[in-house]
Each structure stands twice: as structure tokens, then as C-alpha cells.
Amino acid sequence: MEVAPGVLWLRLALPFALDHVNVYLIEDGAGWAVVDTGLGDDRTRLVWERVIARELGGRPLTRIICTHFHPDHVGQVGWLSARDGLELWMPRTEYYFSMMLQAKSNLDALDSPSHLAFFRRHGLDEAATDALIHRGHAYLKMTTGLPSSFRRIAPGMQIDIGGRAFEVFTGGGHAPEQAMLLCREERLFFAADQVLARISPNISVWAWEPNADPLQDYLHSLAALREAVPEDAFVLAAHNLPFIGLHERIDELARHHAERCARVSTACETPRSAAEIVPFLFKRTMDAHQTGFAFGEALAHINYMLGRDELRVFEDDASVQRLQAA
């Protein structure tokens, strides 16, 4: 559907609890620029074929702008770029990270001894670790590859799309260098996963960078967006519905993470592992896919609080790291 003049909104299905991703097409001269592509599965490809054939008035796709490396955004890039000879525009870090993650050797490394040790050190038992690696991370393989070259987009750049000037912003936390686009004249803000109307984007620590502090990166990004992007911008995000009220939502997200840190602190009045902290943050029953994100998010709050001296490592058991409130 047309969600703003010259902007089409396409919702694609995901086979997860979060059951959709929003992608957008922006009028671009004689055709349409694509912002994100959906998951790299047959179902999504068939939807794209139908949309291209029936919904675009015979106008071609012109280029792909991919916001970040996650498979529900980059999944169909390889197929779409090959199908229509499209150039990929993407942040450099996100392109290289996606290339790294899509390499078979790196996917195979998800069950390497060092990754297994990471999960066990933080309190996951053998059954939960096996489920997480072999089922929870299966979505990482749902891609169709990447073209062998790309055009970098970077913060501070201005991109012309169909006569509109879009400023490029990037932000960390959910992904290393996730791209967002602002058409200041028309108050259109393509926020990707950084600011969502109803849910918080996943902020996780992963085995390949166990000491990362993505929550600090995310909170810094939110503060920068609050300063730079108008409050009355129409926010076109990658999940949930488009909305107006960016600054209020940013404040809600900051409070949300402060409340989660408070829950971690309460949990750690008794020394606990990351796995033991997860139920304090997520009360619902979760499948392996959701458990992986929940575990990573618990670690993100732990690392953030360790960096602020709000937790300390409890050294009672050398095989499992437990945390205690400072």
C-alpha cells in the first residue's frame, strides 16, 4: 500500500514469533528503490515475484538499499540483485559482517568448541546449548548471498532518491552500523529496526564478541537520533506499524532498558549466571530462536552493568560465571 506519496509499504511474513518485516519501495525516477528485502526463503521470493509483476505498474526496481546484515533484511539481496542487475547500497560494516556471517565456514563455527564454551560458561546446560546452536541460529542461513560489490552508504551522506534528498544516519546496538534515512523536507524517517513502535529491537551479545557492550552503543544512538531527527517525523520502521512521536518513543525505550537493568540488579542480589537471569527479564515460554535472543539480551545488560560497576563477577565457580549486584 502507499503509505506516503511515492512510498510503498510491503509487509513480508517471517516464520517466527515476530511474524513480519516491513520493507519499503521509494519512487526513484522511472522505477522503485527497495529498502530491505525480507528473508531469503521461497515464500518471500514468490511474494516479490508477484509484487514486481502486478503491483508496480510495470516500473522496474532501480537499486537495493539494505539497512543491516540480519537475514530478514538482507535475505533476498542476492536473488533480487541477480534477477534485475541491481546495485546494492549498504553500510560498509554491515556488508562485510554479512559476508562474514554467510560464509559456510563461519556458520559451521557456530558450534565450535569456543562458542560451546561461551554458552556453557554463562550457564546454559548441554540440551539448551544444542537447541540454541542447531535450531535457534538456523535463521542465519536464510539468505540468498550478496553481490560481489556494493556502494557504501555512511553517516552524513546525502542520497538522492527520485528527487528527494535523504540524509543517512547509522546506529549501533541492534547491528554494528545500521542505516536509517531521513527526508527532512517531508519529515519521512526510515528507522529500520532502531526505533520500533511497540517492541524493543533485540540488543544482544554474541559468542564472536563476548565482551561487547551493544546496549551502550544503542543508548548513545537513541540520544543522537533524538537530537537530530524531528519529533514530528513519520517513522517508517521495519516492524510494527508506522508512527509519529519519535522522541516520546525513544524516551520509552531508554526507560525500558533502565527497568531491565533494575531487574538484573534485583536478580543478582543472589549470585546468578546469565542463563539464570533470563527468566527475570522474559517471563514467557520461548522456543530456541527466542531463547537465543533472550540469552544475548541478558548478556547485553550484564556487560553494560559490568562496565558501569553495577555488577561484579562472583568467583565461586570457575566453570560458570555468576554475577552479583555491586
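A donor-acceptor pair is defined here as one N or O able to donate and one able to accept, closer than 3.5 Å; such a pair exists between the side chain of D125 and the backbone of A127. Distance alone, capped at 3.5 Å, is enough to place a donor-acceptor pair between the T144 side chain and the W79 backbone. Looking at R272, its side chain does come within 3.5 Å of a backbone N or O of A267 through a donor-acceptor pair.
One finds no salt bridge joining R263 and E259 here, because no Lys/Arg side-chain nitrogen approaches an Asp/Glu carboxylate oxygen to under 4.0 Å.
F190 pairs with exactly one of V7, D36, T67 by the side-chain contact (heavy atoms from CB on, under 4.5 Å) rule, that one being V7.
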Checklist entry - Can E87 and F150 be said to form a side chain to side chain contact (heavy atoms under 4.5 Å, CB included), step by step? => result CA-CA 6 Å; E87 184 177 40; F150 75 109; over 6 Å; no
Item to check | Trace of the ring pair (Phe, Tyr, Trp, His ring centres under 6.0 Å) decision for Y304 with H257 | outcome: CA-CA 10 Å; Y304 176 75; H257 288 289; 8.8 Å; no
Next on the checklist: Show, in sequence, the C-alpha distance, side-chain angles and deciding distance for D213 and L215, and conclude whether the side chain to side chain contact (heavy atoms under 4.5 Å, CB included) test is met.
Outcome noted: CA-CA 6 Å; D213 189 356; L215 181 54; 4.2 Å; yes
Checklist entry - Would R322 and E276 satisfy salt bridge (Lys or Arg N to Asp or Glu O under 4.0 Å), going step by step from the backbone distance to the final call? => result CA-CA 9 Å; R322 288 187 165 81; E276 292 167 334; 3.4 Å; yes
Checklist entry - For N211 and L306, what are the C-alpha separation, side-chain angles and deciding distance, and is it a side chain to side chain contact (heavy atoms under 4.5 Å, CB included)? => result CA-CA 10 Å; N211 298 310; L306 284 170; over 6 Å; no
Checklist entry - For H174 and Q194, what are the C-alpha separation, side-chain angles and deciding distance, and is it a side chain to side chain contact (heavy atoms under 4.5 Å, CB included)? => result CA-CA 7 Å; H174 179 69; Q194 204 73 348; 4.0 Å; yes
Next on the checklist: Checking R92 against E177 for the salt bridge (Lys or Arg N to Asp or Glu O under 4.0 Å) test, could you report, in this order, the C-alpha distance in whole Å, the side-chain angles of both residues, the deciding distance, and whether it holds?
Outcome noted: CA-CA 8 Å; R92 178 184 288 160; E177 195 188 5; over 6 Å; no
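The shortest distance between side-chain heavy atoms of Q178 and P91 does not fall below 4.5 Å. Two residues are said to be in side-chain contact when any heavy atoms from C-beta on lie closer than 4.5 Å; V23 and T37 fail this criterion. Within the 4.5 Å cutoff, the side chain of P147 has heavy atoms near those of the L88 side chain. Considering only heavy atoms from C-beta on, L56 comes within 4.5 Å of L61 through its side chain. Residues I65 and M90 fail the side-chain proximity criterion, which asks for heavy atoms closer than 4.5 Å. V34 places a side-chain heavy atom less than 4.5 Å from the side chain of W48. The shortest side-chain heavy-atom distance between I244 and V235 does not fall under the 4.5 Å cut-off. Inter-residue side-chain proximity for E310 and S265 is flagged as unmet; no heavy-atom pair is nearer than 4.5 Å.
In this structure, F69 and F97 have tilted ring planes: the angle between them lies in the 30° to 60° band. Taking the six-membered ring for Trp and thresholds of 30 and 60 degrees, Y139 and F293 have ring planes inclined between 30 and 60 degrees apart.
No more than 12 heavy atoms of other residues, nucleotides or ligands sit less than 6.0 Å from atom CZ of R43. Other residues, nucleotides and ligands contribute over 12 non-hydrogen atoms within 6.0 Å of the CD atom of Q158. Heavy atoms from other residues, nucleotides or ligands lying under 6.0 Å from CD of E252 number more than 12.
Closest non-hydrogen pair, H70 versus A175, comes out as CE1-CB, 4.5 Å. When all heavy atoms of G31 and R59 are compared, the closest pair comes out as O-NH2, 3.8 Å. Considering every non-hydrogen atom in both G38 and V21, the closest pair reads CA-CG1, 4.0 Å. A pairwise comparison of heavy atoms in V205 and E209 identifies CG1-O, 3.6 Å as the closest pair. When all heavy atoms of A237 and Y24 are compared, the closest pair comes out as O-OH, 2.6 Å. Pairing each heavy atom of N303 with each of P210, the nearest pair is ND2-O, 3.1 Å.
Two rings, from H122 and F118, have their centers less than 6.0 Å apart.
Because its NZ or CZ atom is not both nearer than 6.0 Å to the ring centre of Y95 and within 45° of the ring axis, R151 does not count as a cation-pi partner of that residue.
Interatomic distance, M142 CE to L14 CG, rounded to the nearest 0.5 Å: 9.5 Å. Here the NE2 atom belonging to H73 is positioned 14.0 Å from the OG1 atom belonging to T143, to the nearest 0.5 angstrom. Put simply, CZ on R184 and CD on E186 are 13.5 Å apart, with the number rounded to the nearest 0.5 Å. Rounding to the nearest 0.5 Å places CD1 of I26 at 4.0 Å from CD1 of I161. Remark: N240 CG to R249 CZ distance equals 8.0 Å, nearest 0.5 Å. For the atom pair NE2 of H247 and CD of E227, the computed distance is 8.0 Å after rounding to the nearest 0.5 Å.
Note on F169: it clusters hydrophobically with L219, by side-chain heavy-atom contacts below 4.5 Å among ILVMFWY residues. The same ILVMFWY cluster, assembled from side-chain heavy atoms under 4.5 Å apart, contains both M99 and L80. Connection of Y218 to I199 is not established within any shared hydrophobic cluster, with ILVMFWY side chains joined at heavy-atom distances below 4.5 Å, either directly or through further cluster members. Under the 4.5 Å side-chain heavy-atom criterion for grouping Ile, Leu, Val, Met, Phe, Trp and Tyr, V35 is connected to L241 within one hydrophobic cluster. Taken together through direct or relayed side-chain contacts under 4.5 Å among Ile, Leu, Val, Met, Phe, Trp and Tyr, I52 and L12 form part of one hydrophobic cluster.
In summary, the side chains of Q76 and T44 do not present any donor paired with an acceptor at a separation below 3.5 Å, with no hydrogens or angles considered.
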